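Beneath this line is the structure, given in structure tokens, with notes to follow.
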Amino acid sequence: MNKLENKVAIITGGASGIGNGIAKAFVKEGARVVIVDYNNEAGVQAIEELCEIQPKSIFIHADLADFSTHAMIINKTIATFGQLDVLVNNAQASRVKPLLELSTEDLELPFKTGFFPTFYLMQYAFPYLKETKGHIINFGSGAGINGDLNQAAYAAAKEAVRGLSRVAANEFGPHGVKVNVICPFGNSPGVQHWAQYKPDDFNEVLSKIPLRRVGDLENDIGKAVVFFASQDSDYITGQTLMVDGGGCRL
Ligand SMILES: NC(=O)c1ccc[n+]([C@@H]2O[C@H](COP(=O)([O-])OP(=O)(O)OC[C@H]3O[C@@H](n4cnc5c(N)ncnc54)[C@H](O)[C@@H]3O)[C@@H](O)[C@H]2O)c1
């Protein structure tokens with residue numbers, strides 16, 4: 001089980017939630033990971049745990065909404081490891097509000113923390129990913145595909161990421177770089193909070209999911225990302241994979 005042996009992967013938002021599940025799945029497959037997060041405390045704790053499995057993994061403390069961090073993240077990765085094989089653009093922040101109440105700042109938040117970092121990190125990473133014929137995995141959401149209530153800003157940013165990813169797949173494909181999107185449903189702290197405080201809403205959503213459970217961060221979501229990061233998916237690009245128990249159909 002060393003599908004990512006000798007690979008170096010950047011995972012944004014790797015300090016907690018789905019990003020941390022991905023990081024755990026990656027190091028167990030032999031990858032050295034660079035987790036990027038603005039939560040310094042969670043990042044330091046996460047890297048201690050990851051380094052017990054893969055001692056060469058590192059944490060970069062950065063707020064992705066500060067666009068000047070994007071080149072630094074790629075440069076530090078290359079200075080440390082000399083290569084880049086996988087870029088996972090997972091981090092995202094947003095506010096849940098009815099469309100009619102959204103301010104410009106609300107609308108900008110998921111773009112500044114999700115869409116723009118995805119775009120700039122892909123731009124800066126491309127020269128290195130071209131050398132390794134690497135993989136980019138971006139994150140969409142069923143909320144964007146379904147048009148979930150109160151998610152207008154988030155849905156717009158997530159569908160923008162999917163459109164960007166399809167163009168990147170076409171432009172990067174001739175250079176051997178693959179670009180795919182995952183739309184997850186995973187047991188992150190946000191989902192756990194929702195299940196605890198709005199159990200009726202949560203159970204109604206769960207009742208419509210064919211597999212009737214929330215995805216495990218490492219074993220369900222993380223392993224799907226391992227597939228898109230490994231040579232097992234070398235003939236797949238420009239695709240969206242729903243890793244959500246069957247809850248949303250493309
Ligand atoms: N959890 C789900 O079921 C679900 C469903 C659909 C889509 N998604 C998508 O999957 C991805 C991960 O989701 P999650 O639930 O684990 O999210 P989360 O909010 O639990 O974790 C996001 C991580 O990103 C970090 N982060 C946020 N903004 C940042 C910034 N500006 N700079 C640096 N780090 C930042 C946070 O500190 C956190 O560690 C996101 O793109 C999300 O939109 C999740």
Side-chain angles (χ1 to χ4, degrees), residues 10-25 33-47 49-50 59-70 72-73 87-96 108-118 120-121 136-148 151 153-162 164-165 180-195 201-202 205-206 209 211 213-218 220-222 224-225 228 240-248 250:
I10 295 174
I11 302 167
T12 68
S16 67
I18 287 173
N20 189 247
I22 297 166
K24 286 178 181 160
V33 302
V34 178
I35 58 170
V36 179
D37 212 289
Y38 64 3
N39 185 336
N40 194 49
E41 198 184 330
V44 168
Q45 193 184 328
I47 204 67
E49 290 167 15
L50 293 170
F59 168 53
I60 298 179
H61 181 223
D63 181 353
L64 293 162
D66 172 357
F67 298 174
S68 71
T69 63
H70 304 151
M72 177 275 289
I73 290 162
L87 170 64
V88 182
N89 287 304
N90 159 83
Q92 174 90 46
S94 64
R95 289 186 199 111
V96 177
E108 283 174 349
L109 181 64
F111 282 90
K112 281 186 176 164
T113 58
F115 175 79
F116 279 100
T118 297
Y120 285 121
L121 286 172
I136 297 171
I137 300 100
N138 294 331
F139 271 73
S141 173
I145 294 158
N146 285 334
D148 285 1
Q151 300 273 17
Y154 176 72
K158 286 304 197 188
E159 286 297 279
V161 165
R162 291 208 313 129
L164 175 71
S165 303
N180 291 294
V181 176
I182 283 186
C183 296
F185 183 44
N187 201 17
S188 63
V191 169
Q192 287 170 26
H193 187 267
W194 175 46
D201 292 2
F202 174 75
V205 168
L206 208 59
I209 291 178
L211 294 177
R213 66 180 179 85
V214 191
D216 181 81
L217 302 181
E218 179 183 340
D220 293 316
I221 317 296
V225 185
F228 270 148
T240 295
L241 182 66
M242 308 304 299
V243 189
D244 65 349
C248 175
L250 281 174

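As the structure is a computational prediction, the values presented were derived from the model and not from experiment. Just so you know, ligand 1 is whichever comes first in the structure, and atom 1 is the first atom listed for that ligand.
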What are the atoms of ligand 1, with element, lying closer than 4.0 Å to any heavy atom of [X]?
| X | result |
| --- | --- |
| A65 | 31 (N) |
| G17 | 16 (O) |
| Q92 | 27 (C), 40 (C), 41 (O), 43 (O) |
| A62 | 32 (N), 33 (C) |
| G13 | 23 (C), 24 (O), 25 (C), 39 (O) |
| F185 | 3 (O) |
| F139 | 10 (O), 11 (C), 41 (O) |
| S141 | 6 (C), 7 (C) |

Between H70 (side chain only) and L121 (backbone N and O only), is there a donor and an acceptor less than 3.5 Å apart? no

Checking the side chain of K158 only, and the main-chain atoms of F139 only, is there a donor and an acceptor separated by less than 3.5 Å? yes

Measure the distance from atom 3 (O) of ligand 1 to every protein heavy atom, then report the residue, atom name and distance (to 0.1 Å) of the closest one. G186 N, 2.9 Å

So which protein heavy atom does atom 4 (C) of ligand 1 come closest to, and at what separation? P184 O, 3.7 Å

Could you check if a side-chain atom of [X] sits within less than 4.5 angstrom of a side-chain atom of [Y], using non-hydrogen atoms only?
| X | Y | answer |
| --- | --- | --- |
| I136 | N89 | yes |
| T113 | L64 | no |
| I60 | M72 | yes |
| Y154 | Q92 | yes |
| V36 | I10 | yes |

Protein heavy atoms: any of them under 4.0 Å from atom 18 (P) of ligand 1? no

Heavy atom of C183 under 4.0 Å from ligand 1? no

Can you tell me if G190 contacts ligand 1 (heavy atom of the residue under 4.0 Å from the ligand)? no

Which value, rounded to the nearest 0.5 Å, describes the distance between I18 atom CD1 and D216 atom CG? 10.5 Å

Backbone, side chain, both or neither: what part of K158 comes under 4.0 angstrom of ligand 1, heavy atoms only? side chain

Quick look: I18 vs ligand 1, heavy-atom contacts under 4.0 Å, and the answer is both

Just jot down the side chain to side chain donor-acceptor pair (under 3.5 Å) partners of Q151, sequence neighbours excluded, or say none. none

Among [options], whose heavy atom sits nearest [atom]?
| atom | options | answer |
| --- | --- | --- |
| atom 34 (N) of ligand 1 | W194, Y154, Y38 | Y38 |
| atom 1 (N) of ligand 1 | A15, S188, S16 | S188 |
| atom 32 (N) of ligand 1 | N39, N90, L64 | L64 |
| atom 31 (N) of ligand 1 | D37, T12, N20, D63 | D63 |

Is it true that the side chains of S165 and N138 contain a donor and an acceptor less than 3.5 Å apart? yes

Partner residues of F111 under the ring-ring contact (aromatic ring centres under 6.0 Å, His included) criterion, sequence neighbours left out: F115

A quick test of your reading: do over 12 heavy atoms of other residues, nucleotides or ligands sit less than 6.0 Å from CD of Q45? no

